[in-house]
Colleague: 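One structure coming up, written as structure tokens, with questions to follow.
All of these numbers come straight from a predicted model, not from anything done at the bench. In what follows, chains carry the letters A, B, and so on, assigned in the order in which the sequence lines appear, proteins first and then strands, with residues in each chain numbered from 1.
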Amino acid sequence: MPSDLRRALGRLLAAMIAVAVLALMWQVAEVDLARLWQGLPRLAAWGARAWPPDFEDGVTLLRRAGETLAMATLGTLLGALVAAPLCLLAARTTAPGVLVYAPARALLNVLRGVDSFVFALLFVAAVGLGPFAGLLGIAMHSAGSIAKLWSETIEQAAPGPVEAATLTGASRLKIALHALLPDVAPGLASTALYILEFNVRASTVLGVVGAGGLGQELKNAVDLLDSPRVFAIILIILVMVTAIDAFSAFARRRLA
Amino acid sequence: MPSDLRRALGRLLAAMIAVAVLALMWQVAEVDLARLWQGLPRLAAWGARAWPPDFEDGVTLLRRAGETLAMATLGTLLGALVAAPLCLLAARTTAPGVLVYAPARALLNVLRGVDSFVFALLFVAAVGLGPFAGLLGIAMHSAGSIAKLWSETIEQAAPGPVEAATLTGASRLKIALHALLPDVAPGLASTALYILEFNVRASTVLGVVGAGGLGQELKNAVDLLDSPRVFAIILIILVMVTAIDAFSAFARRRLA
Amino acid sequence: MSGGVVVRGLSKAYDGRAALRNASLTAPRGSFVALLGPSGAGKTTLLRCLARLADPDGGEAFVDGRPMHALSGRALKEARARIGFVFQDFNLVRRRSALENALGGVLASTPLWRVALGRPRPDDARSAMAALDRVGLGDRADARADELSGGQRQRVAIARALVQDTAVLLADEPVASLDPDSAAGVLSLLKDLTRERGLTVLCSLHQHHLARAYADEIVVLAAPEGDL
Amino acid sequence: MSGGVVVRGLSKAYDGRAALRNASLTAPRGSFVALLGPSGAGKTTLLRCLARLADPDGGEAFVDGRPMHALSGRALKEARARIGFVFQDFNLVRRRSALENALGGVLASTPLWRVALGRPRPDDARSAMAALDRVGLGDRADARADELSGGQRQRVAIARALVQDTAVLLADEPVASLDPDSAAGVLSLLKDLTRERGLTVLCSLHQHHLARAYADEIVVLAAPEGDL
Amino acid sequence: ETLRFAVGPFQPTPGDTRKAYEPFFAYLAKTLGVDYELVVTTDWAGIATALATGQADVAWMGPWGYVLANREGDAQAIATVKYDGKPTYHAIVVGRPDLQIANWPEDARGLSISFADVGSTSGWLIPTWWFKTKGIDPRTFFKYRDGASHPANEIAVANGQVDLATDYDRNLKAMQERGLLKPDQVRVIWTSEPLPNDPLVVRKGFDPSRVEALRKAVVAIDEEEAKAVMPPHYTGWVPAAHADYKLIEDAGVAVGKLKPRAPE
Ligand SMILES: Nc1ncnc2c1ncn2[C@@H]1O[C@H](COP(=O)(O)OP(=O)(O)OP(=O)(O)O)[C@@H](O)[C@H]1O
Ligand SMILES: Nc1ncnc2c1ncn2[C@@H]1O[C@H](COP(=O)(O)OP(=O)(O)OP(=O)(O)O)[C@@H](O)[C@H]1O
Ligand SMILES: [Mg+2]
Ligand SMILES: [Mg+2]
């Protein structure tokens with residue numbers, strides 16, 4: 001009973017702190033729901049100015065989309081290659097021990113904590129301005145994201161088959177390939193393709209290294225208040241996002 | 001046999017197309033490994049200029065970090081609230097039918113396809129400049145990301161318990177709460193906290209609506225090639241990322 | 001055709017390979033019918049078709065008077081709610097306690113908020129505890145399903161079906177993981193329920209002597225092909 | 001203490017609740033020992049402690065002469081590789097075929113690239129097929145584990161342990177999901193192996209008549225508490 | 001009664017901008033006897049949106065940002081700021097000091113150049129326009145990138161990251177005075193014709209009597225007062241109207257970012 005009471009008190013305290021923190025954040029963020037409600041018609045009117053989308057410069061936009069897609073795909077691929085070994089070391093259930101697990105997770109945090117455009121700028125020092133630097137920046141940052149999400153997917157995998165494989169005395173890597181991979185493959189595909197999609201959508205990194213990219217065109221069109229062009233660019237991004245989403249669904253079904 | 005041959009040929013064709021596309025992307029991205037190799041020492045020298053980190057303006061940075069955290073947390077929370085019902089409609093295994101599934105996924109694609117700073121600008125029309133508009137932008141975009149990742153986690157859940165619950169004749173929502181949620185909870189926590197972390201790191205959205213944010217400070221410092229300040233900001237981001245990662249690990253262990 | 005289970009010429013193939021071929025049987029209301037047959041004969045397939053967890057390719061399957069093979073939508077949902085099912089591999093929610101799993105049997109009638117907050121109605125909690133007691137698991141009610149032994153899990157699955165309190169119970173080898181005493185306990189409990197409440201039990205079993213001891217009738221399913 | 005299985009005073013508790021209390025048994029090399037006991041008695045816990053899938057709280061467990069309770073690191077890994085294990089809930093890789101699962105038994109000796117590309121050595125493939133044939137699953141070798149019936153899955157798990165070809169086999173109710181004929185087939189196969197190859201079998205069973213028919217010795221485990 | 005002010009990216013960081021510009025808005029609010037709030041953004045899009053939808057009242061904008069806001073949301077210029085006494089400034093192109101360019105721009109062909117973001121008057125619009133009048137597309141003529149801020153552009157040239165960059169004279173001077181750039185680190189290669197300085201802008205539908213009061217209040221700021229409440233070198237305001245920014249508007253039309261205004 002007293003331990004029950006203590007637990008209840010602890011929960012109450014935690015809940016109170018959470019509410020207080022949220023309230024503070026609410027203040028900082030100047031949340032004002034009434035204003036949002038009243039403003040919605042204005043929002044609609046303002047948004048309507050984007051009609052019809054302006055595809056006059058369509059060829060440029062498509063070229064930019066192609067560049068973006070190329071860089072995002074290669075960058076994500078490279079990131080995934082780096083992530084593949086890392087994720088095994090950074091998952092609680094597959095890491096050889098906390099002496100590997102902790103540094104591996106710290107490394108992942110660093111890779112994610114440094115924005116891809118910062119990595120890209122570093123690589124500018126090595127390979128000069130251009131898409132290659134952007135690609136490398138994307139790869140570094142993506143490796144951190146992919147490995148984190150993968151490691152957490154791996155932690156959720158069914159432990160039984162891995163246990164069975166362990167009893168054969170096989171190496172960790174073989175166990176992972178034989179008993180783990182089939183179980184988590186759809187999840188791995190899902191997150192890798194999400195990161196690819198994210199990189200396709202990402203705006204800042206490629207502009208910084210002078211590599212153009214669709215995100216930069218979007219930012220420019222917004223700066224010029226050219227809503228129909230913004231709309232056109234968003235439609236192109238949407239096509240890419242939808243294609244990647246469809247491919248992701250296909251891959252997950254194949255791997256299921 | 002002929003069907004086997006056809007399948008083998010199909011695979012070969014797919015592999016060749018994939019290689020060709022990658023080669024093309026390789027071209028577009030101007031990949032040049034030799035140059036990277038030669039440039040690495042320069043990279044190291046350039047990176048070393050960031051030492052020591054410059055915390056002179058530390059108080060400002062901490063305030064920015066607090067603002068960022070507040071906005072990211074509320075935005076992600078709001079996004080997750082929107083995502084919770086959406087993800088059930090957008091998961092193949094829980095959607096009532098393709099007539100709901102397809103539009104739900106399309107909606108998610110739109111939410112992700114429109115960048116959060118574009119959403120934020122739309123909300124400026126409704127609620128004016130300031131953090132609230134940024135928060136709403138983050139929420140809309142995050143809802144799309146969270147619901148996508150959640151729906152794909154749900155698709156991977158063990159079907160057995162859901163089947164058992166279905167046979168009781170209970171409503172979809174009750175089935176999801178009783179039989180699905182415990183199975184996927186660690187995965188849901190993992191991705192929601194990843195999106196929170198992403199929003200903490202995100203740079204563009206808050207500056208556009210005049211809400212500051214640490215990402216903006218980073219962008220500025222990078223633009224000014226102020227490496228010691230960049231380093232300081234990255235260290236602060238790292239602390240937040242590590243804290244969120246630790247909280248994520250804690251939550252996953254609690255829910256496991 | 002009022003009550004009970006009637007199967008006529010039921011067939012089901014997976015990817016062109018027959019799993020169940022032209023099966024027929026009748027389990028009148030209040031009877032205990034045992035389903036025997038070698039591994040791979042289609043026992044599970046038959047039971048799943050009866051609950052429309054699988055769609056039969058041909059034939060008819062009536063449960064408690066309803067044509068399961070022909071229902072869909074709302075009607076199917078209602079018909080299913082009247083079927084208790086013990087799965088061969090239990091299908092427990094592994095991160096929920098034995099008690100919570102047993103309470104899954106009354107999910108349909110539990111208010112949403114109670115499901116969300118994990119606060120069952122006191123009556124339901126009592127009947128779930130009673131069911132766990134009857135299968136000898138009263139002292140493990142708070143243990144999580146993934147902390148239970150194989151036989152304990154199977155008994156939780158049985159308790160869940162008992163809590164649901166349906167007219168028909170389809171049980172897929174419900175005592176496979178149980179020791180002889182527990183198995184006898186469970187089967188005589190089911191037998192009693194056929195007498196007391198008119199429950200219809202269709203139950204696949206491996207052990208012939210158990211079938212002979214408890215079943216009113218035994219149906220033997222032959223493997224659709226030369227599968228051992 | 002050369003070969004076989006020796007357990008002395010083995011105990012294991014989960015969260016302060018005893019799952020196994022002071023268990024002792026001996027299975028000499030080449031013998032077939034059956035482990036009986038009610039559901040929850042600790043049969044699975046004992047077998048898991050023997051393979052060091054669980055860490056015993058006290059006592060000694062020797063398998064094939066090695067002190068499993070005291071090993072760690074490389075030595076533990078090597079000792080484990082000499083133990084074949086049939087899990088109560090099979091632990092198959094559900095998205096792999098029956099054949100691929102059976103091939104899991106020789107994972108340790110298969111080159112990495114073969115594992116990665118799914119190209120087993122022809123010899124291994126042959127012996128895996130032979131094992132599947134012996135448990136009557138030759139015609140289902142290409143079926144994915146999640147497309148198999150309960151009894152078929154259990155037989156794949158047995159085939160995997162046979163393929164591993166170890167000195168000691170720990171089997172946790174390996175025939176619980178099998179019909180009488182299949183069960184007899186599997187148990188006599190194991191019995192033959194004890195004679196032919198000197199395999200030591202420690203096997204938990206529910207059905208007393210099977211234990212009496214096949215085991216050289218029967219060990220009965222009582223529940224550590226008043227658990228049914 | 002609160003006036004909502006907004007100001008854009010005039011200084012390297014929003015924090016710097018706020019520090020430099022807040023005193024002016026505080027003064028303005030005090031003179032008009034109202035409360036105020038001030039938002040500092042990192043580009044013009046947010047401000048223009050806010051002005052067009054009635055979410056901000058008064059903004060201090062760049063000329064090109066203003067013209068865009070005027071087109072899209074009917075914002076109106078009411079005064080132009082004076083810098084060192086003059087209501088005009090110049091766009092410039094700076095380069096590394098060691099560049100040998102005798103014949104501009106022909107000799108610069110193939111060099112790398114960094115433009116500012118497309119919302120910038122001097123960093124993007126005016127140079128793009130000028131090159132266009134010479135028959136040059138900077139995207140193909142140079143190794144081109146855009147999107148950097150003005151200070152970033154100067155720093156990039158000073159560090160040799162790019163050969164050339166766009167900026168405006170006031171910024172170069174300010175950075176040199178604050179020690180962010182040494183005098184010999186960059187060289188001015190090209191200077192534009194005089195451009196109208198930043199306007200003070202009010203939103204569409206802003207109360208006309210208020211507009212007059214505002215205009216009077218800012219025009220009344222003399223050099224002494226300006227020293228106290230405005231950033232360094234800013235010396236006051238002259239009255240202005242949309243027509244004063246026709247040059248900018250024409251440039252926007254010429255580079256194809258604005259449609260020609262239908263004759264009224
Ligand atoms: N989802 C599936 N896909 C393909 N084949 C299946 C599937 N489910 C079952 N089968 C096959 O159908 C046949 C009948 O399976 P079923 O599970 O009904 O057998 P069973 O009588 O329950 O056997 P057991 O006693 O082993 O549980 C088996 O050969 C099995 O492999
Ligand atoms: N991971 C665990 N956490 C907590 N308790 C456990 C765990 N595993 C087993 N137990 C408990 O330990 C006791 C012995 O379990 P064990 O699985 O060894 O029984 P068993 O003899 O194999 O039973 P069965 O015949 O039902 O498989 C049971 O009461 C069980 O609930
Ligand atoms: Mg079955
Ligand atoms: Mg057991």
Colleague: Ser120(E) versus chain A, heavy atoms under 4.5 Å apart: side chain, backbone, both or neither?
Modeller: neither
Colleague: What distance do Leu68(E) atom CG and Leu225(A) atom CG have between them, rounded to the nearest 0.5 Å?
Modeller: 5.0 Å
Colleague: From Leu125(E) CG over to Leu224(A) CG, what is the distance, rounded to the nearest 0.5 angstrom?
Modeller: 9.0 Å
Colleague: Hey, which of Lys143(E), Lys257(E), Gln55(E), Gln161(E) has the most heavy atom pairs under 4.5 Å with chain A?
Modeller: Gln55(E)
Colleague: Counting only heavy atoms not in Trp37(A) (residues, nucleotides, ligands), do more than 12 fall under 6.0 Å from its CH2?
Modeller: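 No, the 6.0 Å shell around CH2 holds no more than 12 heavy atoms from other groups.
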Colleague: For Val222(A) and Ala45(E), which heavy atoms make the closest approach, and how far apart are they?
Modeller: O-CB, 3.5 Å
Colleague: Under a 4.5 Å heavy-atom cut-off, does chain E meet the side chain of Asp226(A), its backbone, both or neither?
Modeller: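 For Asp226(A), there is no contact with chain E at all, as no heavy atom is under 4.5 Å.
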